[in-house]
Each structure stands twice: as structure tokens, then as C-alpha cells.
Amino acid sequence: MTFLALTPLQAALLAALTIGTVVALYFLKLRHRRVVVSSSILWKRVLDERQSHSLWEKLRRIISIMIAATIALLIALSLARPEVESLTGKNERIVILLDSSPTMKTQTQDGTTRWQHAVERAKSLLDSGGPTTEFRVIDTSGATASAFTTDRNELRKLIDSMSPRTGDPQFPKVDGADSQVYFISDGVTLHSTPSFVKRLSVFESANNVGITAFEIRSVPSAPLAYEAYLEVQNFGGPEEIGVVLSGTGGQRVNKTVRLGTEEIYKESFDLSQFAGGGVRATIQSKSDALPLDDVAFAYLPVKRKTRTLLVTRGNHFLETLLKLDNYVDLTVIDPANYRESPTIDAYIFDRFAPPAAPGRPALIIGVPSAPWLKAATGEVQKPEIATWSDNHPVMQHVSVHDLSIERAARIDATGLTVVAASKQTPLIVASEKPKWVMLTFALDASDFPFHVGFPVFIENVLGWFSREQLALKRGPGIVDVPLANAQIRTIDGTTVSSDQQLGNTVFEASQPGLYSATQGDERVHVAVNLSNPTFSDVNRSVFKTDKTAAAQRYWLRRELWFYMLIAAVALMSIEWFTYHRRLTL
Amino acid sequence: MPTTNETITLFDDEFLKKLEYLNIISKRLFAGQLRAERRTRRRGTGLEFADYRAYVAGDDFRHLDWKAYLRLNRLILKLFEEEEDLPIYFFVDASQSMSYGQPSKLDYARRVAAALCYIGLANLDRVNVIAFSDSVKAELPPQRGKGRIFKIFRFLTDVTATGETDARASFKTYCTDTRRRGLAVVISDFFDSHGFESALDILRHFRHDIFVVHIASHEEIDPSLRGELLLVDAENNTSREITITPSLLTAYKAEFAKYCEAVEAYCGKYQLGYVRTTTDFPFEELVLKVFRQGRFLK
């Protein structure tokens with residue numbers, strides 16, 4: 001037995017003092033009240049008969065002292081917070097780490113899920129340990145992290161409120177030096193854990209077929225033509241799978257494929273017959289343990305012509321290119337005749353810039369002088385492309401690594417997005433607000449118009465300016481949208497609560513779905529899909545071979561002092577009862 | 001020593017009225033039955049004719065039946081029944097235990113004894129009062145006639161409760177000195193460490209007609225004791241620490257009842273008169289109860 005509040009010596013002194021005091025008080029008993037009776041003959045007979053026949057009469061004095069001493073000792077020692085390791089366990093700390101990976105939603109043979117098994121294991125862990133054992137519950141999504149506490153009820157409520165998150169799981173930072181860490185997992189997504197972590201498995205093998213990839217992409221040869229790429233993988237036994245692609249306008253593609261174990265089905269679907277809007281891919285199979293990856297979403301941009309005003313003194317390449325584009329309604333005017341028109345979707349200023357920024361997006365070629373543009377600070381001869389951003393929408397499928405430029409203007413790109421740059425000066429810059437893209441070189445001063453990527457670049461620019469974009473691809477969980485103060489809605493118009501974070505709008509998407517983020521005239525679609533073979537392969541568990549730990553159970557759930565006080569109260573009740581019946585003294 | 005005030009309190013006018021009432025009641029109860037004066041088989045100088053016998057020299061010729069002489073020409077003597085008084089011995093327990101109760105058992109015994117004495121005196125019986133504890137403490141010589149009642153009052157008033165009870169020794173001492181048989185009324189609580197049976201045996205052996213008045217106080221029958229006590233015996237001052245429990249109280253009550261039943265059973269066995277009473281029972285009713293037993297007045 002150890003004591004949390006006192007040293008062993010202090011506890012021993014306390015015990016001795018208590019017993020001594022009780023015994024002393026017991027013998028310093030109250031003086032008996034003197035009562036004269038007419039005769040003690042009958043009393044003597046009764047008492048002699050009782051005493052001679054009862055062992056209790058002989059023992060009750062010593063038993064009374066023992067009861068009183070025990071009560072006092074229980075109360076006194078409870079103040080010292082005793083601890084018996086075999087009964088209450090050590091004063092230890094246990095971290096219960098719940099794997100909240102999407103794979104924990106995998107159904108098990110008993111009709112529940114791995115997550116529900118994990119919850120049971122976690123609660124079972126809470127029932128283990130001693131009364132002084134402090135627990136902490138955290139998950140791998142980072143959404144739940146309690147402090148260390150002995151309040152098991154609070155932790156049970158917390159566990160009940162938790163659920164698997166669809167984001168990428170991360171093994172949290174836990175200190176194994178002063179606590180035991182139990183990781184309850186199916187072992188699918190988080191394979192490596194620190195050595196001090198004791199793993200509790202809830203793994204159970206299951207069949208699963210999942211969509212591992214789904215996206216709508218433009219056809220490089222025809223930027224306004226789109227196709228849907230679908231990838232389905234079978235992680236169970238051979239299975240016949242129904243594939244359905246459905247569009248907002250009622251378009252539908254049905255297909256049935258048979259996949260063997262680990263076999264992957266890949267196919268691109270022509271979406272030329274699909275109206276713009278959301279497109280949903282679903283798969284159906286007889287045995288599927290994880291419904292989360294059976295559906296995926298994408299957004300098909302609505303096709304319409306961009307009314308484009310080209311302001312130039314003459315640019316053969318541009319005019320030819322734009323006139324050939326079926327999705328461009330082109331108007332060409334001389335800079336002298338420039339008037340801003342509300343019917344125009346996009347402007348292209350060729351070595352010209354109006355004194356005021358137009359109300360619509362503009363592509364500016366060269367660095368013309370205008371108050372709303374960065375002024376040229378010099379000229380760079382034969383700049384070589386050093387860096388460019390593949391991620392920027394205007395650079396999709398465009399390669400500029402071999403671009404040859406005769407000269408370019410030197411500008412200060414502070415506050416602008418540099419899309420492509422030489423070592424000396426930015427070559428392509430973009431502004432988000434107002435939206436414009438500027439080439440710091442003239443087309444006739446480079447071979448850019450002769451590059452295969454030039455038409456794509458122009459399409460990208462016009463697309464970025466005025467056409468609907470393809471949906472952003474995100475995984476479930478916390479989703480960020482590069483649009484400040486945007487209102488997030490689901491595909492059926494339900495508003496989703498969101499927060500602002502570093503100029504982006506973030507929201508939580510617990511399920512796959514298609515969301516739209518709107519801020520003023522700007523709208524961004526976000527396709528949230530699991531589409532991750534790591535999650536869909538629900539049998540890729542390290543617990544297939546790993547041994548899992550088991551927590552130790554102890555008899556008592558609370559600190560020993562609690563039970564000691566209960567025992568003291570119980571003994572006092574017994575003493576009270578027996579004293580008033582004169583069974584004890 | 002009891003004072004005059006005590007005498008007045010114990011045997012006041014109210015008490016005397018009750019005695020008169022009891023006397024009348026007793027006469028009414030026994031009207032038509034035998035008178036109080038006791039007749040004996042002995043022939044004597046009484047008024048009641050008993051028999052005839054032939055005159056012999058030396059007989060009192062005042063009792064000659066002259067009419068019979070004229071008819072029979074023989075001297076025939078008329079015989080009359082001899083009338084005797086009945087000796088009544090009141091043995092009043094004056095041990096320390098009799099001081100117990102409220103009123104004390106001794107006070108109650110004194111009243112009962114006084115009442116019975118008065119009725120005895122009124123019936124011209126010879127009344128003896130003996131106070132005893134471990135021996136005969138005091139003895140009142142035989143008294144006759146109602147006028148002696150105040151002497152008895154004084155005697156009873158002077159009796160104090162002291163000493164242990166040893167009825168056997170007391171009765172033996174008294175009966176050895178006194179030859180005449182009579183009615184022995186024992187008024188006691190019978191808390192006798194030497195046993196009540198041997199004491200009553202003595203009286204039986206001396207062929208007294210015995211009447212037992214067993215007095216108990218309410219506190220003895222149903223003691224209201226609780227807790228840790230030092231129980232002191234009033235007679236011998238021995239003490240004992242005791243914890244009164246409900247079960248102990250129950251056992252005591254059972255023991256007390258058993259003891260009373262033992263006294264009664266003894267009396268029943270030897271056909272002794274027995275009345276048990278408590279000190280809160282009206283003494284006049286007790287006296288009538290004694291009468292109804294049919295032994296006191298014959």
C-alpha cells in the first residue's frame with residue numbers, strides 16, 4: 001500500500017495516533033449512571049444466565065473497541081489517499097487514441113462497424129485502470145483531444161460524440177514517457193506507430209469495391225470538350241459491379257463490369273451529351289463494406305461563347321486564333337475606338353491599356369502605360385524562362401520552357417501572381433482583383449504565338465476570365481476554398497457552415513459531395529470525393545499479423561479512500577444500530 | 001425515625017374513613033355467615049348452648065338445668081361453647097427493598113396491614129404486628145378492640161425499611177416464641193436471597209393459616225431503565241455495571257413474571273391465600289380482594 005497524500009512514516013504515525021486515541025477514549029468511558037433497585041436478585045439471575053450462555057457477551061467489549069478503532073482508522077487513512085496496486089492500479093496516465101480514419105466506417109460481420117468496435121474497446125479501456133488512473137481521449141483527425149482526467153463519464157460522453165473523419169488521418173503527438181498510449185485502430189491507414197504505443201485491433205477483413213478516381217477534365221485538343229475519368233478497384237473477391245454516371249440534366253450512363261480481386265477498372269466517359277452541372281458516379285456491388293467510396297462527384301462546366309473584345313492596332317496571330325475559336329464571339333477594334341461595353345465578357349489589350357481598368361477581366365499584352373497597371377522600369381533583353389506555375393489555371397496543359405523572347409519589360413510584380421518569370425523579370429503575371437493577366441513581352445517579340453501551347457494558353461485565359469471552371473478536387477474532411485468570405489452550399493442548395501482561414505473559406509465535408517462556394521459574382525465548385533485507394537483497400541491492415549495489446553483491469557474504479565469512507569459509514573451505521581440495541585458497548 | 005407528620009400523612013382522616021368503610025363492607029360481605037368471634041370446640045362460658053351432661057361434684061351449679069331436674073329428677077348440667085379470639089399475625093416486610101417505589105412498598109404494606117388490623121380489631125381478634133427484615137425488628141404485643149388501632153398506627157409508622165430480607169430466620173424466631181396458632185398474614189415483596197419457600201415453610205410447619213400479600217412496584221414490573229448503568233442493590237448495596245438492552249429488559253420482565261408465578265404456585269400448592277398487587281393499586285380494593293379470598297374473616 002502506498003499513500004498519495006502522506007509519506008509512509010506520516011501514515012503510520014497517523015494510524016498509531018488514531019488507534020491510540022480511540023482506545024484511550026474508549027477506556028475514558030462515561031461514568032455509569034447509578035440506579036438503585038429494590039433487589040438485584042432477578043437481575044443477577046438474568047445476567048448470569050445470559051453471560052454464561054453467550055460467547056458474544058464475552059467478546060463484545062473487544063469487538064466494540066475494534067469496530068471503533070477500525071472506523072477511526074478508515075477515516076484517518078482515507079485522508080492519506082492510500083493506493084493498493086493490485087486493487088486500484090498505479091497512479092498512471094493512459095492515452096486512448098482512436099483511429100478516426102475513413103476505413104473505420106467499414107462494416108463488420110456483426111452488422112456494426114470497425115468504429116463501433118473501437119468505441120467499445122475504448123470504453124472497455126476506460127473501465128480498466130485504477131481509480132487514480134487519468135485518461136485522455138484523442139483521435140487521428142485532430143478534431144478531438146481531451147485533457148487528462150479521471151472523470152470516466154465525461155470521457156464516455158466524448159467518445160460517444162466522436163465519429164470517423166473522412167480526412168487524412170495523422171498520428172498525433174503523444175508523450176509516451178509519462179503515459180501509456182493505446183491506439184485503437186484497424187491498422188489500415190496508419191501503419192507505423194511509435195514503439196511505445198500499444199495497439200488494439202478492431203480489424204476484420206471485408207470485401208470492398210471503391211471508386212479510387214473520378215474527375216472531369218477538358219480534352220487537351222478541345223479545351224471546351226470534357227470527359228469523365230473513372231477508376232474503380234475491387235479489394236475483395238471477384239465481383240460484378242454496376243457503374244452509373246448521371247448528370248444534372250438527366251443524362252445517364254450505365255455499365256456493368258466484372259472485376260477480379262485487386263483488379264482495377266479504368267474508363268473515360270465522353271460527356272459531350274451531358275449538360276453542364278454536377279455529375280455523379282456511383283458503383284453497386286453485392287458485398288461492399290465501405291459505402292463511403294461508392295460515390296464520387298465532379299462538375300461539368302456549362303458551355304457558352306465568350307464575348308471578347310480585342311483592342312489592337314493589328315495582331316494577325318491573335319485575330320486568327322480567336323476567330324477560329326468556336327467558343328469566342330470576337331470583336332476587334334482599334335485602341336482609338338475603345339469604349340467599355342457592358343456586353344463584353346473579356347478584353348484583350350494588345351500593347352494598349354485604357355486609362356481606367358475595365359469592369360471585366362482583361363489580358364494585357366506588353367506593358368502599356370496605365371495608372372492601374374505596373375509601370376515598366378526597364379527592359380530585359382532575351383530573358384529566359386526560369387520558373388512557371390503549372391498550378392495556375394492559365395497554365396493548364398501549357399509548356400513554356402522553350403519559349404524564346406527577344407525582349408521584355410522589367411516590372412515590379414509586388415502584389416501580383418507571377419505565373420512565369422525569368423531570372424530578371426516576371427514574364428507572365430496575374431492579378432486576382434481586378435482580374436487580369438499580363439504578358440510583359442509583345443507577341444511579335446517572342447515565338448510564343450508559334451508554340452502549340454499558345455492557343456491553349458489563350459483558352460485558359462479566357463476560361464479563367466469568364467468561363468466556368470472545373471470543380472476543385474478535395475478529399476473529405478476540412479476543405480479549403482481559395483475564395484474569401486464565400487458562402488458554401490451543397491449541390492441541393494443547403495448552406496454549409498464555414499470559416500475563414502488565411503483568406504480562404506474552409507468548411508467540413510464529412511461525406512463525398514459536390515459543393516459550391518459563392519462570393520459575389522465568383523463561384524467555385526468543389527468536388528469532395530474519397531477516391532483514395534489507401535482508404536478503399538480496407539484489408540491492407542498491419543494487424544493481420546501484429547499482436548495487439550490488452551489493458552489490465554483492476555477491481556476498484558475509484559480511489560481507495562472513497563471505499564474506505566463508505567466502509568467507515570457502513571461500520572458506523574452498524575455500530576449505531578448495535579449500540580442502540582446494546583449489542584455493542 | 002418517622003415523625004408525627006408522617007403518621008398523619010400515612011394514616012390521616014381520609015384513611016380512617018376508608019377503614020370504617022372497609023369495616024362496614026366486610027360485615028356486609030359476611031352477613032348471615034359466621035360472626036367474627038371465633039367459637040372453639042372447647043366448652044366454656046359462652047352464651048351459646050352446646051350440650052348437656054350429668055352434674056358432677058365441683059361443677060358450677062349455676063349452669064344446672066332446673067327444668068330438666070323437675071322432669072327427670074336428675075341433675076343435668078348445661079354446657080356452653082367457649083368463645084375465643086383469633087390470633088392474627090401481620091408479618092410486615094421492613095427490609096430495605098420495601099422502600100422502593102413511589103409510593104414505597106413499605107408505605108403500601110403499612111396501609112394494607114393497618115386496614116386489615118382495624119378489621120381484625122373490630123372483630124375482637126387478637127392482632128399481632130411483626131416487622132421483620134433479616135430478623136424480627138419490632139413486635140407489637142397482641143391487641144384487641146378497635147381502640148387499639150392508634151397504637152398499631154404508631155407501631156407501623158415507626159417501622160422503617162432497613163436491612164436485608166431473611167424471612168425464614170425472622171419467622172422461625174417469632175414462631176418459636178409464640179405457641180398459639182392463628183392467621184399469619186405475610187406482606188412482603190418476597191425479594192429474599194434465602195428463598196421465600198423456606199420462610200413460608202416455617203409458618204406452615206407451625207400450622208398457621210397463611211395469607212400472602214405480594215407487593216411489587218410498577219418500576220419493578222416494567223423498569224424504565226436505559227443505557228449504561230451501575231445497578232445498586234438497595235438491600236446489600238452490591239453494585240454491578242450493566243448495559244440495558246431491549247432484550248435484557250425483556251428477559252428481566254420474563255424473570256420477574258416467572259418469580260411472581262413461582263410465589264403464586266407455591267401458595268396454590270399448599271392452599272395458602274395469595275394476593276399480588278402493585279403499589280399503584282388502591283389499597284382498599286386490595287383489602288376487599290383479600291376478603292373475597294375468604295380466608296381473612298371466617
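The figures that follow rest on heavy atoms only: side chains count, while hydrogens, waters and symmetry mates do not. In what follows, every chain begins at residue 1, and chains take the letters A, B, ... in the order their sequences are listed.
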Side chain, backbone, both or neither: which part of [X] has an atom under 4.5 Å from a heavy atom of chain A?
X       : answer
T238(B) : side chain
K258(B) : neither
Y259(B) : side chain

One thing to verify: whether [Y] and [X] come together as a salt bridge, which I'm taking to mean a side-chain N less than 4.0 angstrom from a carboxylate O.
X       : Y       : value
R240(B) : D233(B) : no
R156(A) : D127(A) : yes
E264(B) : R276(B) : yes

Would R204(B) and Y270(B) count as a cation-pi pair here, with the cationic atom under 6.0 angstrom from the ring centre and within 45° of the axis? yes

Quick check: under 4.5 Å, non-hydrogen atoms only, which of residues 217-224 of chain B neighbour chain A?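 So the qualifying residues are E220(B), P223(B).
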
Tell me, do Y252(B) and L225(B) make a side-chain contact under 4.5 Å, heavy atoms counted?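 The answer is no, as the side chains (C-beta and beyond) never meet within the 4.5 Å cut-off.
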
R45(A): partners by side chain to side chain donor-acceptor pair (under 3.5 Å), with sequence neighbours left out: E255(B)

Restricting to non-hydrogen atoms, name the atom on L156(B) and the atom on V92(B) that form the minimum distance, rounded to 0.1 Å.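 Result for this residue pair: CD2-CG2, 4.3 Å.
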
